[in-house]
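Down below is the structure, laid out as structure tokens.
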Amino acid sequence: MDKNLLKKEFFTHSGKIFSNLAIAGTVVSLFSVLFTVLGALFVLCYYLFAFIIALATLFTVLINNPNWFSIISFDNFGAYSNFMLSYVAPPAVAVALACSILSIVFLCLGDKAKVKGRIIFSSVVLGLTLILLVALLIQLGGSR
Amino acid sequence: MSTLNITLKNNIPQNARLFIDGKEYTPVREKNATLSVTAEVGNSAEVKIINPFEGQLPFGKWFLRTVFYWLISVFGIFDFLTDVNKHCDVIEYLGTFNTESDLSLTIKFNRFKENGRVLEVIEGAEPQTESANGYSTDKVAKKRKVWYNVARVISVIAFALVLGFVVIVN
């Protein structure tokens, strides 16, 4: 049994695990950073939907529900958005950044020829994570 | 010095490695979609095709590696799409060819079949000696894999339960 080949297998396997972790971290941080935007879109959709229903019922829905247009507001999302930005996004970005760097290092130490695709993919994830880091720093800087 | 040119009629089995006189070669895809390898060899060339995998390691080393993977992949949750030899298939070919003059071989890999032959030489000289040419399944490695997967499933369920409990309590 060739020890060198099995050492490469070890680096390749570990690199793939770190790559999976980096993808998960990037998805979570992407969702956290975009939460404010997605939340605002959701509220706008809600207003549109509420207006269409009010129009369809010739505004009689307002008799039973005077607060029809304020069930969901931007204020509700403020707290969630702050929570996501302050507590979820920073660790997720840190995990994604560390894991993507580790995955590239491990995959390069492993069987490079067989994991070329993964190395490219991890590099793309690293780039995306760096963009997210900048976006997060700007958002956090703006909120303070 | 003479040249040994090997043309592969179909894809080399997944994760198999080709060695000629102890040096590893990666087959290159030609324009006509076949894979080929060219090597400078002496009067005889030893061709070896193997697929080493971690399940074949001694138990202690395999266990340490598996625990490491289990820990870094958060109790095995992120240890997916990492295995290239799911069925623990063992590929073993060792043949010596006479290469006093340049030699061109065309070989064809057979599909995996327990105790079946790995490859056939369909063009060129037959090997002088052929000490191994067979597929098999590593039953010990397969058993280890099953145990690791069972441990992963149990730990994922336990992790989900603990996480749920923490969320409910807080």
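Letters A, B, ... mirror the listed sequences (proteins, then strands); counts begin at 1. Note that these values count all heavy atoms, side chains included, but never hydrogens, waters or copies made by symmetry.
With a threshold of 4.5 angstrom between heavy atoms, B:Phe68 approaches chain A through side-chain atoms but not through N, CA, C or O. In this structure, no portion of B:Ile77 lies under 4.5 Å from any heavy atom of chain A.
Residues satisfying the ring pair (Phe, Tyr, Trp, His ring centres under 6.0 Å) test with B:Tyr93, not counting sequence neighbours, are none. Applying the ring pair (Phe, Tyr, Trp, His ring centres under 6.0 Å) test to B:Phe63 and every residue at least two apart in sequence or in another chain returns B:Phe59. In terms of the ring pair (Phe, Tyr, Trp, His ring centres under 6.0 Å) criterion, B:Phe109 has no residue partners (sequence neighbours excluded).
Contact residues of residues 159-169 of chain B toward chain A are absent (heavy-atom distance under 4.5 Å).
Counting heavy-atom pairs closer than 4.5 Å to chain B, the top residue among A:Lys114, A:His13, A:Lys16, A:Arg118 is A:His13.
With salt bridges taken as basic N to acidic carboxylate O contacts below 4.0 Å, one links B:Arg117 and B:Glu130. Electrostatic pairing of B:Arg17 and B:Glu24 counts as a salt bridge here, judged by a charged N lying under 4.0 Å from a carboxylate O.
Contact of the A:Leu6 side chain with the B:Leu57 side chain is registered, since non-hydrogen atoms from C-beta on lie closer than 4.5 Å. Side-chain contact between B:Leu94 and B:Glu46 is present, with at least one heavy-atom pair separated by less than 4.5 Å.
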